[in-house]
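Start at 1 with the first residue, then count along the sequence.
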Amino acid sequence: MEINDMTPAEERVWRAFATGAAVDFREGAGEEVAAGWGPERTLRAAVLRALLLNGPTEPGEIAALKLAGARITGVLDFQYGVTEQAVRLSHCHFDETPLLYGARFRQLNLSSSVLPGLTAATLRVEGVLRLTDARCTGPVRLGGAQISGALFLDRAVFDAPDADEPALQLNQACIGDDLWAPGLLARGQVRLTGATVSGSVNFRDTVFETASSTALDAQNLTVGADVRASCLVARGGVDFRGSRIPGCLDLLHARLAHPGGTALRASSCVIGELWLRRGERLDGALNLRRSQIELLTLETAMLPRQVYVNELTYTALTPHEPAHRRLPMLESDGDGYVPYAYEQLTAAYRRVGDDHAARMVQLAKQRRLRTTRAWYGRLWGYVQDATVGYGFRPLRACGWLLSLLAVGTVAYALHQPRALKASEAPHFSPLFYTLDLLLPVISFGQEEAYAPDGWYQYLAYALIVTGWVLATTVVTGITRTVSRQ
């Protein structure tokens, strides 16, 4: 393209390119910025393409394309193009979707610009890519992009709710620094599947809205540090399945809603710390199956009606709450009775020295197990529960023994059994006779020497059977206590 084919605005940009000077068409524009784009602020995309490929240079100067406040007509087709100059196209309006597939840039800045979309899959940027305050009304395709520096999406708007594809695609992208996106608004799915971020991900105050099932698809995301998503709002599922986050997944004050589906899926993950507290109750299921979490900060007020925690492993659980506030989470598990979940909660209480809460969890486990057994198993379970609380309430057995001892002592004091051999029988003691009936191991010589009749005989049978039941459950409780030690 010859320079004499250019408009005055294009010529101004062309001459500034050689020295890297900035051209701002907003200067002196006044109200015209809001009124529309005149020819004095309009550039053809072909001119920009020619600049990036064969723009003029001056010895001792660093060429760069620094442009603000321009309307760019036509398609900026730079597919597979390579430029060594920094590119800044801020506060610009693109009539057509830029095509940057496979292109290479030293640095690319599209801050505060308005685009009908962006096709830049497998893009390579040696520095940073900025879309700060940008507004995109069509899909932004950055799948497989390699960005050596950071990716800035703070306060950007991706508005493509009716598109057949995600509004923002960063699947398989590789970012050498941070993904910085506080205040981002996405109407349409955001896809981060398989992406790698060497630094942190910042989604603070972001809003994800979608008509599909998943608003944020971050499956198999690998992060070098943290995912900060406090005050996040998601209308649709948030999926971190299979992700690796060695730092913190911060969901403080989050509002996650996916009615009838899964609001938060963080299954099969390896996470340093997961913070889920001080926000609204999840409207949708919580899935943490098979994940490994060092510190799980889980506020019961945020828990939904249905959770999935089978094979979830955690080292510490905060905040510390009584067992009766934690148990509903296990009882509402969508997988039904999950023994492993009870063992994990028990271990968490024992690590902080709350043995009472640990016993309550184990008692709840036995009661939940009872519901899965046949009728005779449930019957025996009710007996164990009523007598000694499955061994976790051994003092209850003492109460039963003392009560039965009192009943037997009074009954046999009022009606002494007849002696089998009067000459050889020891002196009758209603107390020790009742003890002989209740205690299956110890013998005081009373049971063998006297034989009751009538209903007193049936009372003796009842005391013998009850004594065996109590002895069995007490032994079971002692065995369980010793094994825990």
Side-chain angles (χ1 to χ4, degrees), residues 1-30 32-138 140-142:
M1 177 178 290
E2 298 293 337
I3 194 169
N4 54 11
D5 293 333
M6 299 181 187
T7 64
E10 293 169 345
E11 184 176 347
R12 180 183 172 188
V13 174
W14 188 278
R15 295 187 184 281
F17 178 85
T19 59
V23 178
D24 192 344
F25 288 104
R26 297 172 298 169
E27 295 176 356
E32 294 180 7
V33 174
W37 304 90
E40 71 281 357
R41 301 176 59 202
T42 300
L43 306 173
R44 289 170 291 172
V47 174
L48 301 184
R49 182 178 186 275
L51 270 175
L52 296 177
L53 291 176
N54 300 298
T57 59
E58 288 189 12
E61 300 291 343
I62 299 175
L65 178 58
K66 299 178 181 179
L67 178 62
R71 175 191 177 189
I72 301 172
T73 61
V75 178
L76 179 56
D77 188 350
F78 201 68
Q79 296 185 87
Y80 304 106
V82 179
T83 181
E84 297 297 326
Q85 287 74 38
V87 178
R88 186 179 71 198
L89 302 173
S90 61
H91 298 87
C92 292
H93 186 282
F94 290 79
D95 285 356
E96 304 289 340
T97 300
L99 302 179
L100 307 181
Y101 184 94
R104 295 189 180 186
F105 291 87
R106 183 176 296 276
Q107 182 168 307
L108 180 59
N109 188 339
L110 298 172
S111 296
S112 302
S113 292
V114 178
L115 304 93
L118 178 62
T119 299
T122 69
L123 171 77
R124 291 192 178 186
V125 181
E126 295 180 12
V128 300
L129 172 59
R130 291 184 181 272
L131 286 165
T132 300
D133 293 308
R135 180 180 177 85
C136 302
T137 57
V140 174
R141 307 176 183 92
L142 287 167

A.B. asks: Without swapping roles, check the side chain of Glu61 against the backbone of Glu58 for a donor-acceptor pair under 3.5 Å.
C.D. replies: no

A.B. asks: Can you find a pair of side-chain heavy atoms, one from Leu53 and one from Val82, that are under 4.5 Å apart?
C.D. replies: no

A.B. asks: Would the distance check show the side chain of Arg124 and the main-chain N or O of Arg104 forming a donor-acceptor pair, the cut-off being under 3.5 Å?
C.D. replies: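 Absent.
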
A.B. asks: Is the shortest side-chain heavy-atom distance between Gln85 and Gln107 below 4.5 Å?
C.D. replies: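 Gln85 vs Gln107: side chains apart.
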
A.B. asks: Between the main-chain N or O of Gly102 and the side-chain N or O of Thr122, is there a donor-acceptor pair closer than 3.5 Å?
C.D. replies: yes

A.B. asks: So do Thr83 and Leu65 actually touch side chain to side chain, heavy atoms under 4.5 Å?
C.D. replies: no

A.B. asks: Locate the shortest heavy-atom distance separating Ile72 from Cys92; write the atom from each residue and the value.
C.D. replies: CD1-CB, 4.3 Å

A.B. asks: Is it true that a side-chain atom of Arg106 and a backbone atom of Glu84 form a donor plus acceptor pair closer than 3.5 Å?
C.D. replies: yes

A.B. asks: Distance from Phe105 atom CZ to Phe78 atom CZ, nearest 0.5 Å?
C.D. replies: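 Result: 5.0 Å between the selected atoms.
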
A.B. asks: Evaluate the criterion side-chain contact (heavy atoms from CB on, under 4.5 Å) for residue pair Val128 and Asn109; output intermediate values, then yes/no.
C.D. replies: CA-CA 8 Å; Val128 300; Asn109 188 339; over 6 Å; no

A.B. asks: Would Arg12 count as a cation-pi partner of Phe25, with NZ or CZ less than 6.0 Å from the six-membered ring centre and within 45° of the ring normal?
C.D. replies: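 Judged by the rule (NZ or CZ under 6.0 Å from the ring centre, within 45° of its axis), Arg12 counts as positioned above Phe25.
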
A.B. asks: To the nearest 0.5 Å, what is the distance between OG (Ser90) and CG (Leu131)?
C.D. replies: 12.0 Å

A.B. asks: Which heavy atom of Ala16 sits nearest to which heavy atom of Val23, and what is that distance?
C.D. replies: CB-CG2, 3.5 Å

A.B. asks: Apply side-chain contact (heavy atoms from CB on, under 4.5 Å) to residues Val13 and Leu51 and explain how you reach the verdict.
C.D. replies: CA-CA 9 Å; Val13 174; Leu51 270 175; 3.8 Å; yes

A.B. asks: Which heavy atom of Pro39 sits nearest to which heavy atom of Ala9, and what is that distance?
C.D. replies: O-CB, 4.2 Å

A.B. asks: Calculate, to the nearest 0.5 Å, the distance between atoms CG and CH2 belonging to Leu43 and Trp14 respectively.
C.D. replies: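 So the gap between those two atoms works out to 12.5 Å.
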
A.B. asks: Could you please spell out the steps behind the side-chain contact (heavy atoms from CB on, under 4.5 Å) verdict for Leu89 and Phe94?
C.D. replies: CA-CA 10 Å; Leu89 302 173; Phe94 290 79; 3.8 Å; yes

A.B. asks: How far apart are the closest heavy atoms of Pro116 and Thr97, and which atoms are they?
C.D. replies: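 For Pro116 and Thr97, the tightest heavy-atom pair comes out as CG-N, 3.4 Å.
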
A.B. asks: Looking at OG1 of Thr57 and CZ of Phe17, how far apart are the two atoms once the value is rounded to the nearest 0.5 Å?
C.D. replies: 8.5 Å

A.B. asks: What's the spacing between Ser113 OG and Leu67 CG if we round to 0.5 Å?
C.D. replies: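 Output value for this atom pair is 8.5 Å.
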
A.B. asks: Measure across Pro56 and Ala63 and return the closest heavy-atom pair with its distance rounded to 0.1 Å.
C.D. replies: O-CB, 4.3 Å

A.B. asks: Using the test side chain to side chain contact (heavy atoms under 4.5 Å, CB included), find all partners of Thr73 that sit at least two apart in sequence or belong to another chain.
C.D. replies: Thr42, Arg44, Arg71, Asp95

A.B. asks: Closest heavy-atom contact between Glu96 and Gly74?
C.D. replies: CB-O, 3.4 Å

A.B. asks: Using 0.5 Å steps for rounding, measure from the CG atom of Leu76 to the CG atom of Leu100.
C.D. replies: 6.0 Å

A.B. asks: Given side-chain contact (heavy atoms from CB on, under 4.5 Å), test Ser111 with Asp133 step by step and report yes or no.
C.D. replies: CA-CA 6 Å; Ser111 296; Asp133 293 308; 5.8 Å; no

